[in-house]
There are 2 protein chains.
Amino acid sequence: MAKSVKLSHSDELRESSRQQVFDAIREAGQIARIDIAQVTRISPATVTAITADLIAAGLIEEVSPDISRGAKRGRPRVALKIRGDAHTIAGMKLSHHAITTLITDFEGAELVCHEIPLPGGQLDPDALCEKIVTALDESCAQGGLERQQISGLAIGMAGVMDADRNFVYWSSSLNVRNIDFGSYLARYLSIPVFIDNDANLVAKAELLFGEGDKRSNFVVVTVEHGVGMGIVIDNQIYRGARGCGAEFGHTKVQLEGALCQCGQRGCLEAYVGDYALLREANVTSGVERHKDLASLYAAREAGDIMAQSTLDRAGRMFAMGLANVVNIFDPQMILLAGAQLAFGYLSSDKVVHEMRRSVLQVDGPLPEVRVHGWGNKMWAKGAAAHAIEEISALRIREVSGHAV
Amino acid sequence: MAKSVKLSHSDELRESSRQQVFDAIREAGQIARIDIAQVTRISPATVTAITADLIAAGLIEEVSPDISRGAKRGRPRVALKIRGDAHTIAGMKLSHHAITTLITDFEGAELVCHEIPLPGGQLDPDALCEKIVTALDESCAQGGLERQQISGLAIGMAGVMDADRNFVYWSSSLNVRNIDFGSYLARYLSIPVFIDNDANLVAKAELLFGEGDKRSNFVVVTVEHGVGMGIVIDNQIYRGARGCGAEFGHTKVQLEGALCQCGQRGCLEAYVGDYALLREANVTSGVERHKDLASLYAAREAGDIMAQSTLDRAGRMFAMGLANVVNIFDPQMILLAGAQLAFGYLSSDKVVHEMRRSVLQVDGPLPEVRVHGWGNKMWAKGAAAHAIEEISALRIREVSGHAV
DNA sequence: TTATTTTTTTTGAAACTCAAATTAAATAAT
DNA sequence: ATTATTTAATTTGAGTTTCAAAAAAAATAA
């Protein structure tokens with residue numbers, strides 16, 4: 001049965017020393033005990049005790065004398081790293097036409113990458129579950145694994161959902177609303193499953209695998225079919241009062257503006273979403289000239305004034321939406337992710353410049369803007385990151401009451 | 001010297017049991033040990049130990065047998081409460097034309113309320129410091145107190161500032177930018193001083209004195225001369241990457257819209273701020289008809305179409321801005337505070353309804369909207385709340401290493 | 001070889017926390 | 001009145017966690 005990993009509120013905030021040490025090791029990749037002590041401000045004595053427990057539990061391991069920052073003399077430091085073999089993890093990204101699965105070890109190293117097609121559109125929950133099981137089993141087979149060897153599976157999908165409860169309010173992959181999809185899946189799979197919004201998974205991937213030094217506060221904006229957002233505060237995904245997180249795509253950028261999929265007017269998505277762009281381009285030109293964004297983008301490159309105007313406005317609206325997020329959140333970094341960004345009209349210097357111009361200035365740096373034109377595989381890796389984090393937390397909590 | 005109370009990051013999150021117990025007592029007003037144990041999920045044994053320490057330190061006291069929830073029989077519960085005499089606290093609100101000072105005891109009960117006029121406009125830092133000292137000394141005199149008896153002073157002012165460093169980036173009360181006003185004041189006062197944005201102080205007041213049950217996530221929007229915002233996440237004030245918090249008034253609600261004080265276009269404040277309303281009303285009517293909001297509001301009541309249109313648009317823009325905050329933050333509650341709200345055009349049912357209409361719907365309640373038409377005195381009380389919290393945290397941290 | 005340096009481990013004590021037992025202080029029952 | 005019962009608060013003893021200081025380990029420099 002999928003194990004519920006809902007923590008009590010105070011536990012969530014109060015990160016145990018064990019977890020801190022483990023996180024420090026993962027963040028560094030390889031790190032000696034003395035450096036863990038320095039980074040976490042936990043005493044060397046305690047670090048020794050904790051790492052001994054974690055090694056005994058098989059979660060981390062020593063690696064041959066640390067080459068990196070070797071001191072001239074003295075006892076050489078012994079680096080520690082996550083033990084990749086500790087667990088096998090699966091991450092999945094549900095997109096419009098495919099399920100992409102990535103099986104990784106506990107360090108996040110890729111073991112298997114696999115993709116199966118989806119009929120497209122919104123599926124029946126049972127049908128989707130079967131597809132997910134198929135995707136998982138085929139991936140396992142490809143890696144010579146049994147399904148039961150997978151310690152955890154995380155699934156990322158577009159839509160509004162409460163990750164703590166694995167509850168999907170709405171998703172573009174499902175034809176029903178308000179479904180306890182976690183329990184549903186549990187009838188098909190007996191391993192722990194975690195479901196989350198895909199933008200949050202990008203955030204998780206950045207937290208776990210990103211180069212970020214101390215980027216505790218950042219915002220992820222995804223642009224695919226729609227526009228999504230993930231917010232990280234204090235190294236934790238922020239999920240509002242109802243647990244379903246931020247709806248950046250439906251922030252309003254124009255009073256009584258363009259009609260959105262959601263039925264409201266003036267949503268950002270109604271200006272920058274691909275369907276919105278095609279709608280406008282085709283309505284204004286009168287004929288169905290553009291079947292996809294590539295076509296529209298090519299027209300703009302070819303000097304088509306209509307196309308240019310449409311894309312430019314999208315860029316300005318996007319800049320305005322981002323500026324609002326910065327004015328409200330003041331993040332250290334904004335990460336733009338998604339395949340649509342490859343077209344560049346939302347991530348151009350012009351857009352970034354316009355965003356910066358619209359942010360109230362104080363002394364201090366404006367947020368860095370980074371762009372990732374992620375393919376499906378990287379989204380699946382984000383999902384794997386989520387599962388790794390959840391399973392880590394579970395196992396680390398089990399490492400208690402060990403005799404020294 | 002004003003003592004810096006900057007905590008390390010992990011300490012900030014990791015609330016000690018002592019602090020939890022203390023907070024539970026303050027939240028309840030009066031509460032028996034057994035109930036503290038229940039509320040905090042700390043064992044009765046530990047609650048006994050901790051409350052003994054707090055009593056020894058003089059921070060709390062027992063009150064005669066609890067009348068409230070008396071059980072039929074058994075040993076009667078003994079309620080505990082904050083010891084009002086433990087500390088004397090001062091809170092100040094700097095507004096355009098006055099400094100309002102409130103001296104309270106440690107429970108927040110008013111001892112002295114006092115106001116001195118300000119010349120208005122932006123002052124020289126030295127001049128403002130002198131005014132603050134005057135305000136404090138006169139208030140002390142009025143209450144028969146010595147300045148040194150004040151354990152802490154919190155000052156709320158409009159503008160952008162970093163409360164952790166007592167650093168003011170910009171304030172409508174000061175004629176210089178980027179000033180370490182805390183150190184400045186320390187030359188005039190030798191008691192601990194805390195400076196914060198006034199919207200955050202409203203949030204603190206709500207946290208400390210509000211009826212809120214478990215409102216861990218809420219947003220305060222203040223409307224006075226400008227528009228301010230305070231964000232509370234997990235019972236803590238959220239201060240972005242640069243420590244200066246949210247700039248709701250400068251979120252953009254219109255591409256290339258009305259010109260704002262800040263030099264940018266389309267800011268919310270440029271549509272709902274009092275100066276913006278008067279500007280528009282007077283420009284459109286051609287003559288200087290309205291000298292203040294009261295006049296404009298009266299005109300609208302009298303059926304003036306211009307006035308009505310101006311105020312209506314302000315309301316719609318405000319609703320749009322609020323909706324954006326809800327879409328991004330998903331707070332449990334929105335608290336509208338400020339004298340301007342008395343005019344009602346920003347807090348009408350129509351505005352609230354429009355805001356709700358603009359929020360993406362999921363199953364689950366939309367945020368409650370509450371309105372406080374606070375006068376200066378209540379702002380000062382918010383400041384006092386801030387000082388009480390800071391001083392509490394300081395003293396509680398001192399209560400360590402007591403023998404049982 | 002010996003001294004020095006640096007990392008890691010061991011050791012002993014302090015601080016916290018809690019379960020279980022005990023004590024305290026009331027009412028209900030006899 | 002006295003005893004039983006009930007509920008709150010406290011004490012006790014033990015288990016964890018953490019750290020400072022001391023000791024041990026493992027290298028290089030002299």
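Each chain gets a letter, A, B and so on, in the order the sequences are listed, and its residues count up from 1.
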K.L.:
So which nucleotide from C:dT8, C:dT11, C:dC16 ends up closest to the side chain of B:Arg18?
P.N.:
C:dC16
K.L.:
Whole-Å distance between D:dT17 C1' and A:Ile42 CD1?
P.N.:
11 Å
K.L.:
Side chains of A:Thr104 and A:Lys381: closer than 4.5 Å at any heavy-atom pair?
P.N.:
no
K.L.:
Taking side chain as C-beta onward, heavy atoms only, is A:Arg26 less than 4.5 Å from A:Ile388?
P.N.:
yes
K.L.:
Tell me which nucleotide among D:dT11, D:dC19, C:dA19 gets nearest to the side chain of B:Thr48.
P.N.:
D:dT11
K.L.:
Taking 4.0 Å as the cut-off, does a side-chain nitrogen or oxygen of A:Thr46 come that near to OP1 or OP2 on D:dT18?
P.N.:
no
K.L.:
Given C:dC18, C:dA26, D:dA21, identify the nucleotide with an atom nearest to the side chain of B:Pro76.
P.N.:
C:dA26
K.L.:
What integer distance in Å separates B:Gln20:CD from C:dT17:P?
P.N.:
9 Å
K.L.:
Here's a test for you: under side chain to side chain contact (heavy atoms under 4.5 Å, CB included), which of A:Leu54, A:Asp53, A:Val47 qualifies with A:Ile50?
P.N.:
A:Leu54
K.L.:
Respond yes when some side-chain nitrogen or oxygen of B:Arg77 is under 4.0 Å from OP1 or OP2 of C:dA25, and no when none is.
P.N.:
no
K.L.:
Rounded to whole angstrom units, what separation is found between the CZ atom of B:Arg33 and the C1' atom of C:dT17?
P.N.:
18 Å
K.L.:
With nearest nucleotide decided by heavy atoms, which residue, A:Ser43 or B:Ile34, maps closer to the 5′ end of DNA chain D?
P.N.:
B:Ile34
K.L.:
Is the shortest side-chain N/O distance from A:Arg73 to OP1 or OP2 of C:dA3 below 4.0 Å?
P.N.:
no
K.L.:
Relative to the ring of B:Phe106, is the ring of B:Phe22 parallel (under 30°), tilted (30 to 60°) or perpendicular (over 60°)?
P.N.:
tilted
K.L.:
OP1 or OP2 of C:dC16 less than 4.0 angstrom from a side-chain nitrogen or oxygen of B:Ser17, does that happen here?
P.N.:
no
K.L.:
Please give, in whole Å, the distance from D:dG15 P to A:Asp53 CG?
P.N.:
17 Å
K.L.:
So do B:Arg395 and B:His87 actually touch side chain to side chain, heavy atoms under 4.5 Å?
P.N.:
yes
K.L.:
Run the side-chain contact (heavy atoms from CB on, under 4.5 Å) check on A:Arg83 and A:Ile60 step by step: do they pass?
P.N.:
CA-CA 5 Å; A:Arg83 199 170 75 89; A:Ile60 62 172; 5.6 Å; no
K.L.:
May I ask you to decide whether A:Arg370 forms a salt bridge with A:Glu206, counting only side-chain N to carboxylate O separations under 4.0 Å?
P.N.:
yes
K.L.:
Nearest whole angstrom, please: distance from the P of C:dT9 to the CD1 of A:Ile50.
P.N.:
13 Å
K.L.:
What nitrogen or oxygen pairs link the protein and nucleotides 22-25 of chain D at under 3.5 Å?
P.N.:
from, atom 1, to, atom 2, distance (Å)
D:dA25, O4', A:Arg75, NH1, 3.4

